[in-house]
Amino acid sequence: MNEVWNLDRIYHNFDDPDFSGDLDKLRKQVEGFDSLICNLTKFDTIDALRQGIHYQETILELVNKLAEYSSLRQSANTTDSEAGSKMGQIMAVASAVAGPEAAFQDWASKLPNLMELVRGDEELKDYEFLFSNMKDHSRYLLSGRGEEIMAKMSLSGGNAWADLHQYLTSTVPVSYRGTTTNLSAIRNLAYDEDPQVRKDAYEAELACYDRIKDPIAFALNSLKLETITDCQLRGYESPLQRTLKNSQMKQETLEAMLGAMDEYLPKFWKYLKVKGKALGHENGLPWYDLFAPMGKSSTKFTTQSARDYLVNLFSGFDSELADMVARAFDNAWIDFYPRAGKAGGAFCAGVECLGESRILTNFDGMFTDVVTLAHELGHAFHNLNIRDHRPLNKDYSMPVAETASTFNECVVMAAAIKGAKDDQERLALIESQLQDATQIICDIYSRYRFETEVFAHREEEFMNADTLCGFMLDAQKKSYGDGLDPNCLHPYMWVCKGHYYGSTFYNFPYAFGGLFARGLYAQYEKEGAAFVPKYKQLLHTTTVATAEDTAKVAGIDLTDREFWRAALQTIADEIDLFCQIVEEK
């Protein structure tokens with residue numbers, strides 16, 4: 001089986017005539033769109049609306065194809081300077097569309113009968129939700145050439161700082177037990193069975209961050225100040241309000257979810273303390289043992305056995321999902337193993353031109369790696385379920401983005417726990433699931449609190465690395481409570497996690513996705529096969545409806561704290577079972 005993904009079906013390389021040809025097409029489409037905007041009054045209104053949409057569709061498809069190839073090349077090898085250079089060229093051309101796109105939105109949003117025109121036209125009616133949002137968001141557009149200027153400035157601003165973060169974290173050498181390794185490999189040791197290995201790896205990880213903390217502090221400060229400035233220029237109340245607007249999600253929904261999480265935090269602290277005590281710690285769980293395995297699960301996976309396991313499992317849920325999983329493994333959609341220069345973590349990227357996805361992981365053969373694969377394949381399944389939408393209707397918001405991925409995790413973990421050979425394996429599986437749940441509740445809450453604190457201070461002060469570490473420790477203490485040893489936390493999580501260097505507040509969507517998926521899985525357990533078409537329709541709806549209206553497909557009110565409590569209670573029940581098993585040993 002392949003070890004790395006195949007990108008040749010997008011382009012063979014940067015010398016491929018198709019690559020240069022598409023880049024030229026992109027330039028011409030941007031020029032054509034700009035010309036249309038300069039002559040809007042010469043066209044019939046409906047014709048102008050249609051042409052504007054056609055230009056945006058073509059431009060988006062070309063940008064996606066060109067940028068995905070370059071981005072995937074760079075993620076697989078962050079030292080690939082050619083990929084970085086080509087991405088810069090693509091973004092420079094693409095940034096020029098910001099001006100005409102803003103002008104089109106401004107013109108269209110001011111048409112008094114816009115929605116009537118859209119609903120009555122066969123070519124436009126698919127974009128009713130898009131145009132409705134266009135009217136709502138038009139108040140935040142920058143006038144004149146403001147959008148184009150901001151887009152171009154971000155190339156040497158926010159995007160460049162994000163690239164610096166990725167480069168430094170993927171290339172920093174890590175000294176460990178007399179050898180040199182990379183950050184992805186050292187973080188994988190957090191799951192090792194040997195407690196001394198976990199502790200040594202944790203200390204080596206923290207030591208390596210000390211080498212790169214200062215330039216990354218500059219990156220974070222610069223990115224957050226750019227965000228604050230952008231929000232002020234556009235008239236947003238705050239970066240959080242901008243994120244919620246872009247997420248198609250109400251403040252009431254966020255407050256309902258966070259309020260329920262606050263109520264259940266002590267339950268997670270209990271789990272951490274019980275785990276800590278079982279591992280010989282009396283003052284809470286030290287950070288380096290957060291992912292310590294418990295119970296006994298000797299299963300080690302190869303990529304082939306992981307494929308067979310997941311295909312067989314998902315066949316019992318939906319044949320379309322199982323078939324897609326098989327294609328992903330068989331047709332080289334996945335880049336599996338960690339290596340120097342490769343980006344850490346895992347992600348899934350849709351490749352629209354192929355109707356496929358590409359998945360990056362840092363596979364080490366553990367069951368958690370199989371769960372990670374299931375998670376990323378959930379994103380790929382989400383992409384599959386929105387494939388028949390028009391090009392401008394394929395962008396789902398951050399909160400619902402984690403729905404299918406986390407639902408896949410629920411399917412995998414429920415089956416694994418049910419099929420456990422004995423109590424020791426069951427304990428290992430339950431504990432693994434609680435590790436993940438604690439990440440999306442406690443750790444995500446700490447990240448949300450940290451980012452909130454950074455925004456509260458950035459406008460008035462530059463925060464050096466020590467200050468940022470202090471904010472992170474405070475956020476972890478509030479979110480993990482007395483469940484963790486206060487003398488052994490992780491002050492450099494702001495360096496480790498790339499989410500701070502991309503979309504603003506890319507943290508609470510993980511809690512949303514995790515809890516929303518648990519609520520959906522509970523419905524699946526009640527309804528069985530009858531739920532599957534409803535679930536796929538919900539995924540299909542995510543790109544053309546608000547988060548709240550998407551949830552209504554399954555009969556859920558996201559502003560009701562009771563829904564979130566019910567989802568959290570499913571985790572609380574697992575914590576009780578975990579504590580019972582551990583205390584009976």
Side-chain angles (χ1 to χ4, degrees), residues 137 139-140 142 146 150-151 153-154 157-166 169 209 213-259 261-262 397-399 401 440-480 489-512 547:
H137 286 260
R139 75 189 77 171
Y140 303 112
L142 299 175
M150 289 293 285
M153 292 297 290
S154 71
N159 291 351
W161 288 114
D163 287 344
L164 175 65
H165 169 268
Q166 185 181 70
T169 53
Y209 291 132
K213 65 180 182 181
D214 291 329
I216 291 183
F218 272 89
L220 186 64
N221 275 271
S222 300
L223 277 160
K224 298 312 177 189
L225 186 58
E226 179 180 280
T227 298
I228 291 170
T229 303
D230 181 83
C231 290
Q232 290 174 343
L233 290 171
R234 296 177 184 281
Y236 289 105
E237 295 174 9
S238 66
L240 179 59
Q241 189 212 19
R242 189 187 73 173
T243 298
L244 289 169
K245 281 280 186 183
N246 291 337
S247 298
Q248 305 293 339
M249 176 176 161
K250 294 178 180 178
Q251 178 78 32
E252 297 93 316
T253 295
L254 178 62
E255 290 173 355
M257 182 184 75
L258 293 178
M261 286 166 59
D262 275 319
S397 66
M398 286 197 299
I440 67 165
I441 302 301
C442 297
D443 199 62
I444 286 301
Y445 212 158
S446 73
R447 297 190 217 177
Y448 173 80
R449 283 174 160 142
F450 170 80
E451 193 161 3
T452 300
E453 193 74 3
V454 168
F455 276 123
H457 286 79
R458 180 60 190 103
E459 192 173 0
E460 301 298 329
E461 63 177 289
F462 177 90
M463 296 158 288
N464 62 26
D466 289 342
T467 299
L468 292 169
C469 285
F471 286 170
M472 182 55 75
L473 290 174
D474 287 342
Q476 288 172 356
K477 288 173 183 176
K478 289 176 182 175
S479 301
Y480 284 98
L489 299 175
H490 196 313
Y492 289 113
M493 283 299 283
W494 59 273
V495 178
C496 170
K497 293 298 178 182
H499 300 80
Y500 298 117
Y501 306 86
S503 300
T504 302
F505 282 107
Y506 200 178
N507 35 60
F508 69 79
Y510 281 94
F512 180 105

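- No side-chain donor from either of Tyr236 and Asp230 sits under 3.5 Å from a side-chain acceptor of the other.
- Between the CG atom in Leu240 and the CG atom in Leu254 there is a gap of 6.0 Å [rounded to 0.5 Å].
- Residues Leu244 and Phe505 have side chains not in contact (no heavy-atom distance under 4.5 Å, counting atoms from C-beta outward).
- Nearest heavy-atom pair across Met398 and Ser247 is CE-OG, 4.0 Å.
- Scanning all heavy atoms of the two residues, the minimum distance from Ile440 to Ala511 falls at O-CB, 3.2 Å.
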Would you please test Leu489 and Tyr480 for side chain to side chain contact (heavy atoms under 4.5 Å, CB included) and show each step? CA-CA 10 Å; Leu489 299 175; Tyr480 284 98; 5.7 Å; no

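- Residues Phe512 and Met249 meet the side-chain proximity criterion, which asks for heavy atoms closer than 4.5 Å.
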Could you go through residues 459-466 and list every donor-acceptor pair under 3.5 Å that involves a side-chain atom there, pairing it with any protein atom two or more places apart or in another chain?
from	atom 1	to	atom 2	distance (Å)
Glu459	OE1	Gln232	NE2	3.4
Glu459	OE2	Gln232	NE2	2.8
Asn464	OD1	Asp466	N	3.2
Asn464	OD1	Thr467	N	2.8
Asn464	OD1	Thr467	OG1	3.0

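- Between the side chain of Glu453 and the backbone N or O of Phe471, no donor-acceptor pair lies under 3.5 Å.
- Every ring pair (Phe, Tyr, Trp, His ring centres under 6.0 Å) that Tyr510 has, sequence neighbours left out, goes to His499, Tyr506.
- No side-chain donor-acceptor contact under 3.5 Å links Ser479 to the backbone of Gln476.
- Nearest heavy-atom pair across Trp161 and Ala219 is CE3-CA, 3.3 Å.
- Applying the salt bridge (charged side-chain N to carboxylate O under 4.0 Å, His left out) criterion to Arg458, with sequence neighbours excluded, gives no partner residue.
- Residue Arg242 holds its CZ atom at 14.0 Å from CD of Glu237, rounded to the nearest 0.5 Å.
- With rounding to the nearest 0.5 Å, the separation of OG1 in Thr504 from CD in Glu226 is 9.0 Å.
- At most 12 non-hydrogen atoms from other residues, nucleotides or ligands lie less than 6.0 angstrom from CZ of Phe218.
- Under the ring pair (Phe, Tyr, Trp, His ring centres under 6.0 Å) criterion, His490 pairs with Tyr209, Trp287, sequence neighbours left out.
- Proximity of Ile216 to Tyr492: side-chain heavy atoms (C-beta onward) are nowhere separated by under 4.5 Å.
- Within the model, atoms CG of Leu473 and CG of Leu468 stand 11.0 Å from one another, a figure rounded to the nearest 0.5 Å.
- In this structure, the side chains of Met493 and Asp443 come closer than 4.5 Å at one or more pairs of heavy atoms.
- Remark: Glu451 pairs with Lys224, Asn507 by the side-chain hydrogen bond (donor to acceptor under 3.5 Å, both in side chains) rule, at least two apart or across chains.
- At a threshold of 4.5 Å between non-hydrogen side-chain atoms, the residues Val454 and Trp494 do not count as touching.
- When all heavy atoms of Phe508 and Met257 are compared, the pair lying nearest together is O-CE, 3.8 Å.
- Under a cut-off of 6.0 angstrom, the local environment of NZ in Lys497 is crowded, with over 12 non-hydrogen atoms contributed by other residues, nucleotides or ligands.
- Tyr448 is listed as a side-chain neighbour of Leu258, based on a closest heavy-atom distance under 4.5 Å.
- Here the shortest heavy-atom pairing between Cys231 and Pro239 reads SG-CA, 3.6 Å.
- Atom CG of Asn159 sits about 8.5 Å away from atom CG of Leu223, to the nearest 0.5 Å.
- Without hydrogens or angle criteria, Ser238 side chain to Gln241 main chain gives a donor-acceptor distance under 3.5 Å.
- The two atoms that bring Val495 and Tyr501 nearest to each other are CA-OH, 4.1 Å, heavy atoms only.
- Side-chain atoms of Ser154 come within 3.5 Å of backbone atoms of Ala151 as a donor-acceptor pair (strictly under, hydrogens ignored).
- Pairs of residues two or more places apart, or lying in two chains, never qualify as salt bridge (charged side-chain N to carboxylate O under 4.0 Å, His left out) while including a residue from residues 467-480.
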